[in-house]
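For reference, the structure discussed in these notes is given below.
Chain letters run A, B, ... following the sequence lines, proteins first and then strands; every chain starts at 1. Remember, it's a predicted structure, so these values are computed and weren't measured experimentally.
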Number of protein chains: 2
Amino acid sequence: MTGKQFTSVWFREPRKAATPARSREEIVRAAMELLDEEGLTGLSMRKLGAKLSAGATSLYWYVANKDELLELAYDQIWAEMTVPDAHEVGWRDASSSWAYSMRAVMLRHPWSASLLGHVPALGPHALTASDRMRKVFKAAGFRGLDVDYAVAAVTAFVYGMTLPEIAWDVTVGDYDYDAEEMRGLVAKAAADFPDMLESLAMEAYEDPAVVRATAFDFGLVSVLDGLERRLVT
Amino acid sequence: MTGKQFTSVWFREPRKAATPARSREEIVRAAMELLDEEGLTGLSMRKLGAKLSAGATSLYWYVANKDELLELAYDQIWAEMTVPDAHEVGWRDASSSWAYSMRAVMLRHPWSASLLGHVPALGPHALTASDRMRKVFKAAGFRGLDVDYAVAAVTAFVYGMTLPEIAWDVTVGDYDYDAEEMRGLVAKAAADFPDMLESLAMEAYEDPAVVRATAFDFGLVSVLDGLERRLVT
DNA sequence: ACCTGAACACCGTTCAAGT
DNA sequence: ACCTGAACACCGTTCAAGT
C-alpha cells in the first residue's frame with residue numbers, strides 16, 4: 001500500500017477544449033505514427049512534442065502522463081480488429097477471423113505487443129471488441145463465466161503466438177543479419193539438443209512466413225476444437 | 001539494415017576470470033532479487049551496482065549491457081519450471097503440470113512476463129525446458145514440425161493467460177485500491193455493455209483467485225483436447 | 001485556457017585513468 | 001585483470017511564469 005490511487009485515462013473526464021489548438025486525437029495519432037516508425041522505445045514526450053512543433057511539456061495539458069498516452073494509443077489497436085457476427089457466419093468462423101485480425105493488427109503495430117496485457121483494456125474500442133467476442137461465444141452456446149473463459153483462451157493463444165513472431169521481426173529489422181549465419185549461431189547454442197537441431201534443419205527448407213502461419217493455424221484449430229468439446233459434454 | 005550485428009549473451013564466450021572479485025552468477029542473482037522486489041523498472045545498473053557495493057559501471061566488465069544482463073536473468077526463469085517425463089506420467093499430465101509450473105514461475109517473478117517472448121530464449125535452461133517439452137509431444141505421437149506447433153500452442157496459451165493475471169497483481173500491489181470501488185469504476189467504463197456488466201456481477205460473488213484458476217484450467221483442458229484431436233485424424 | 005523553458009531526479013553507456 | 005568517476009546524451013515530470 002503506497003497511498004497512490006489506481007487511475008486510468010478512462011476513469012477521468014477529458015478536458016473540454018475551448019479553442020483546441022491541439023487535441024487529444026491529434027496527439028494520439030502522432031504518437032502512433034512515432035510508435036509505428038520507431039517502436040515503443042522511440043516514443044518520448046520530447047520527440048512527440050517536437051513532431052507536433054510544441055514543447056514536450058505542452059502535452060501534459062492534454063494527457064496526465066506518458067502511461068495514459070499509451071492507454072489511449074493502445075485502445076486504437078482494438079478499433080482495427082474485426083469481429084464478425086456469429087449469427088451470420090457461425091461461431092467458429094467468427095472467432096477465427098477475429099483471431100486472424102488480431103494477429104494482423106499486432107504485426108502491423110509491433111509496439112502493441114508490449115502493451116497488450118500490461119495496460120488495462122478499459123477503453124471504448126477494447127470494450128466493444130470484447131463485447132462482440134462475448135456475443136460470438138454466447139451464440140456458440142457457452143453460458144455464464146464460461147463465455148469469459150472461452151474469450152480469454154482464444155485471446156491468450158493469439159497473443160502468445162504472435163508475440164514471438166513480432167520479437168523475431170523486430171530483431172531481423174534492427175540488425176544486419178544473414179539467415180544462414182543466424183541459423184548457424186542458433187544451432188551452436190542448441191548443439192547439445194539433437195532433437196532441436198533436427199527440427200531446425202527441417203524448418204530451414206521452408207519459408208519462415210509459411211511455417212509461422214501454419215503454426216498459428218494448427219494451434220487455432222486446436223483451441224477451437226477444444227472449446228467445441230466443452231459444448232457437447 | 002543498420003549495420004549492427006545481432007548479438008546475444010549466448011553467442012559470446014564469458015570472460016574467464018582470474019581472480020573473480022565479482023562473478024556473473026553473483027550479479028545475475030542480485031539482479032533477480034532487485035527484479036523480484038521492485039520489478040523491471042526497479043532494476044537500474046546504478047542500483048544494482050550499489051547493491052553489490054560497486055560502481056554502476058563495474059558491471060560492464062562482466063556483462064556487455066543491460067539487455068544481456070536481462071537475458072541471463074531471463075534464462076534462470078526456465079530453470080524453475082518442471083517438465084515431467086511423458087513416458088512416466090503420460091503426455092497430458094506431463095504437459096499440464098508443465099503449464100501449471102510455468103504459470104507459477106511467472107506469478108512468482110512478475111518481471112518475467114515482460115521478458116518472455118521479447119527476449120530470445122537461447123539460454124541453456126530455456127533450451128533444456130523446450131527440449132523436454134518437445135519430448136513430451138513426441139511421446140504423445142506428434143511428428144515433424146507438428147511437435148513444435150504443439151509446444152508453441154501450449155506455451156502461447158500459458159503465457160497469454162498468465163500475463164493479465166500478473167498485470168492485475170501488479171496493479172493491486174502498486175495502488176491503494178478498494179475492491180468495491182474498483183468494480184464500480186470498471187462498471188462505469190463498461191456501462192454501455194449490459195452483457196459485460198452481467199458477467200462482472202457474476203464474478204463479484206466469487207473469489208478472484210478461484211475464477212482465475214478456473215479460467216486457466218478451462219482453457220488448458222481445451223487446448224490439450226484440441227491437440228489430442230490432431231493425433232487421431 | 002493553453003503553452004513555455006528551466007530545473008530535478010533519474011537513466012544506460014563510453015572511456016580515460018587508476019590499481 | 002578489474003574497478004572507478006566523470007561525462008554524454010538521453011529520459012519523464014513539476015512548476016512558476018508567460019500569453
Heavy-atom closest pair, residues A126(B) and A121(B) | CB-O, 3.7 Å

Heavy atoms of E71(A) and V9(A) approach each other most closely as OE1-N, 3.1 Å

Is it the case that R103(B) places NZ or CZ above or below the six-membered ring of F216(B), under 6.0 angstrom from the centre and within 45 degrees of the axis?
-> yes

Over how many whole Å does the gap from [X] atom [atom1] to [N] atom [atom2] extend?
X: L59(B); N: dT13(C); atom1: CG; atom2: P; answer: 11 Å
X: L52(B); N: dT4(D); atom1: CG; atom2: C1'; answer: 15 Å
X: R24(A); N: dC2(C); atom1: CZ; atom2: P; answer: 13 Å
X: L70(B); N: dC11(C); atom1: CG; atom2: C1'; answer: 14 Å
X: L43(B); N: dG12(C); atom1: CG; atom2: C1'; answer: 11 Å
X: I27(A); N: dC2(C); atom1: CD1; atom2: C1'; answer: 11 Å
X: L69(A); N: dG12(D); atom1: CG; atom2: C1'; answer: 12 Å
X: M45(B); N: dT13(C); atom1: CE; atom2: P; answer: 6 Å

Among the candidates [options], find the nucleotide nearest to the side-chain atoms of [X].
X: N65(B); options: dC3(D), dG12(D), dT13(C); result: dT13(C)
X: S44(A); options: dC2(D), dC11(D), dT4(C); result: dC11(D)
X: R22(B); options: dT14(C), dT4(C), dT4(D); result: dT4(D)
X: Y60(A); options: dT13(D), dG12(C), dC11(D); result: dT13(D)

OP1 or OP2 of [N] less than 4.0 angstrom from a side-chain nitrogen or oxygen of [X], does that happen here?
X: Y62(A); N: dC3(C); result: yes
X: R46(A); N: dC10(D); result: no
X: W61(A); N: dC3(C); result: no

Does dG18(D) pair with anything, Watson-Crick or G-U wobble, both distances under 3.5 Å, and if so, with which nucleotide?
-> dC2(C)

Base partner of dC10(C), which must satisfy Watson-Crick or wobble distances under 3.5 Å = none

Is there side-chain contact between L69(B) and L48(B), with at least one heavy-atom pair below 4.5 Å?
-> yes

T57(B) vs A56(A), nearer the 5' end of DNA chain C by closest nucleotide = A56(A)

Residue pair H109(B) / Q76(B), side-chain donor-acceptor N/O under 3.5 Å = no

